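Have a look at the structure below before the remarks.
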There are 2 protein chains.
Amino acid sequence: MQKKPDSLYVSTLARGLQILRAFDESHVSLSLTDLVARTGLEKSSVQRMAHTLHLEGMLERDPKTRRFRPSHAWLELAYTYYWSDPLIARALPKLIEFSQAKGETINLAQISGDHIIYSLRLPNQRTHFAASIVGRRLPALNTAAGRVMLSTRSESDIAAACAEWPVVQATRKTLMNRDDIARSILKAREDGFCITRDQMLLNEISVAAPIRGTEGQADAAVQISLSGITYDEQLALEKFLPTLLDTTAGILG
Amino acid sequence: MQKKPDSLYVSTLARGLQILRAFDESHVSLSLTDLVARTGLEKSSVQRMAHTLHLEGMLERDPKTRRFRPSHAWLELAYTYYWSDPLIARALPKLIEFSQAKGETINLAQISGDHIIYSLRLPNQRTHFAASIVGRRLPALNTAAGRVMLSTRSESDIAAACAEWPVVQATRKTLMNRDDIARSILKAREDGFCITRDQMLLNEISVAAPIRGTEGQADAAVQISLSGITYDEQLALEKFLPTLLDTTAGILG
DNA sequence: GCTGATTGTATCATTTATTGATAGTTATGA
DNA sequence: TCATAACTATCAATAAATGATACAATCAGC
């Protein structure tokens with residue numbers, strides 16, 4: 001828009017994408033004026049972009065309220081993503097196996113810049129909604145999965161990430177001190193797994209193990225969520241770590 | 001592109017979306033020339049659109065092969081979709097319950113034009129990949145879920161759909177005769193469920209029940225997939241139909 | 001059920017940003 | 001190694017997007 005002195009950059013397309021990105025988990029349905037407010041674009045421009053996205057099937061429109069909302073096409077894109085990422089097909093059967101054997105929530109997480117993104121999720125009854133659906137992004141440093149992936153990188157990479165990557169306070173017990181986070185990562189480096197508690201959700205224990213690529217580095221991890229009321233850390237590891245490590249070992253990074 | 005005499009239609013944005021849609025389950029990675037071939041756009045135009053989509057994080061690019069592929073953003077869109085559709089949150093806990101109780105593959109399907117789209121899937125070990133991932137679209141008439149949704153509509157709607165909606169031959173046993181399909185739908189209308197066999201996959205039994213809205217019409221259905229080797233139709237109904245109907249009854253359309 | 005305010009829709013002259021052709025560069029494969 | 005294909009960069013022409021504005025439809029409050 002402003003600072004793109006790039007002769008190949010098509011700002012019209014970028015504006016259209018801005019409309020799509022104006023929707024998020026707390027803005028699931030937007031009126032024209034909402035879109036104007038959230039994107040900062042001209043009213044006319046928003047009108048045209050939303051209209052076009054609607055015609056092209058990317059936005060649904062409530063004929064009564066005239067509000068726009070995501071269409072099924074957003075799920076179709078996910079479908080295509082799944083086919084495009086070879087790790088998904090390799091990991092899915094192993095995760096299903098784990099899920100059915102243990103009855104606990106299990107996820108595949110991948111690194112995505114300085115965040116992790118959950119790309120496969122097999123929830124159980126106790127899993128809350130946000131933790132049941134794919135595509136969720138969380139700051140890597142705040143999650144067991146992100147830390148265990150980082151732990152497979154060089155110490156300088158780890159230090160850089162700990163210094164620069166974002167952290168968010170999700171619970172009153174979320175680790176915010178970057179030295180503490182660094183220690184957690186270095187411990188994961190020793191252990192080959194990472195366990196956290198109360199980080200994104202109170203009374204939630206999270207255990208993650210890396211899916212290592214050929215260089216030993218991990219861009220993905222398998223993570224399980226357990227009730228911190230039912231289990232303490234030690235028991236969680238006893239009951240689930242061996243299977244978790246089997247699972248990750250059985251997936252080629 | 002060609003026939004859009006619409007002063008609000010932004011063709012540049014539509015061209016960008018064409019690039020995204022050039023990817024599908026059998027075209028997961030596309031070079032510039034592939035994109036030109038699949039979209040029919042000018043090379044320069046494709047170059048600019050792909051470049052912009054890459055900068056905006058919608059396309060990943062292999063620096064070695066220079067091929068484009070879907071990015072994690074495609075999953076994030078699905079995440080937002082899930083929040084935007086209130087049915088998802090209502091259905092998910094019930095599906096999880098079913099899945100963990102029965103250990104069989106269970107899906108939430110929604111009508112999407114003349115297709116169904118799977119919006120939630122809880123696979124089991126025997127589920128093959130394409131049937132494990134959300135966002136898959138199938139012709140409504142070929143699926144138990146599609147038929148049972150149609151069965152809640154008026155007889156004229158059913159007749160019209162049977163006459164016009166697409167059907168595809170997925171297996172050698174796929175019902176292609178539209179009268180047979182109509183009979184299947186009318187039976188589902190009587191029964192309140194629909195059962196099929198060998199339609200999308202050989203030796204697969206599919207049982208679906210509608211999630212009815214306030215008018216009695218269904219835009220969604222819950223469907224289970226069962227091995228046709230382990231079960232015959234009668235046994236499948238005996239073992240799973242009551243729970244399936246409980247599940248759909250517990251979800252407000 | 002009215003009325004004023006807000007939101008959404010339609011139109012149009014201006015000009016910017018996209019276009020498509022092409023030349024240049026890098027990669028690929030025989 | 002050379003020939004060919006794929007990708008990248010540049011630029012003048014102009015088509016297409018822009019943003020201002022006028023008009024119409026809803027909605028909220030009375």
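Protein chains get the first letters and strands the later ones, always in sequence-line order, with residue 1 at the start of each. Every value quoted in this text rests on a predicted model; they were computed, and no experiment measured them.
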Using the side-chain heavy atoms of B:V10, tell me which of these nucleotides is nearest: D:dA17, D:dA6, D:dT26.
D:dA17
Is any NZ, NE, NH1 or NH2 atom of the basic residue among A:R153 and A:D219 found under 4.0 Å from an Asp or Glu carboxylate oxygen of the other?
yes
In whole Å, I'd like the distance from the CG atom of A:L41 to the P atom of D:dG19.
9 Å
Whole-Å distance, B:D34 CG to D:dA5 P, equals 15 Å
Nearest-nucleotide pick for A:K43, side chain only, options being C:dA21, C:dG8, D:dA17:
C:dG8
Mapping A:R67 and A:R48 to their closest nucleotides on DNA chain C, which lands nearer the 5' end?
A:R67
Side-chain donor/acceptor of B:R121 to backbone N/O of B:N107, under 3.5 Å:
no
Could you state the atom-to-atom distance from CZ of B:R66 to P of D:dA6 in whole Å?
13 Å
Hey, can you tell me if B:Y81 and A:H72 have their rings parallel, tilted or perpendicular (30° and 60° cut-offs)?
tilted
Which nucleotide in the set D:dA17, C:dT11, D:dC7 lies at the smallest distance from any side-chain heavy atom of B:L8?
C:dT11
Roughly how many Å is it from NZ in A:K64 to C1' in C:dT7, rounded to a whole number?
17 Å
In whole angstroms, how far is the C1' atom of C:dA17 from the CE atom of B:M49?
11 Å
Separation of atom CD in A:E42 from atom P in C:dT14, rounded to whole Å:
18 Å
Among C:dT11, C:dT18, D:dC7, the nucleotide that comes nearest once only the side chain of A:T12 is considered
C:dT18
Distance below 4.0 Å between B:S11 side-chain N/O and D:dA17 OP1 or OP2
yes
Does B:T33 put a side-chain nitrogen or oxygen below 4.0 Å from OP1 or OP2 of D:dC7?
yes
Classify A:S44 by what it touches in the nucleic acid, base, sugar-phosphate, or nothing, heavy-atom distance under 4.0 Å.
base
Distance in angstrom units between B:Q47 CD and C:dG24 C1', rounded:
12 Å
First locate atom OG of B:S132, then atom CG of A:L92, and finally report the distance between them rounded to the nearest 0.5 Å.
5.0 Å
Pick the closest DNA chain D nucleotide for B:L13 and for A:T65 by heavy atoms, then say which residue is nearer the 5' end.
B:L13
Answer with base, sugar-phosphate or nothing: what part of the nucleic acid does A:R61 contact at a heavy-atom distance below 4.0 Å?
sugar-phosphate
How long is the line joining OH of A:Y9 and P of D:dA9, in whole Å?
17 Å
Can you say whether the rings of B:W83 and A:F129 are parallel (under 30°), tilted (30 to 60°) or perpendicular (over 60°)?
perpendicular
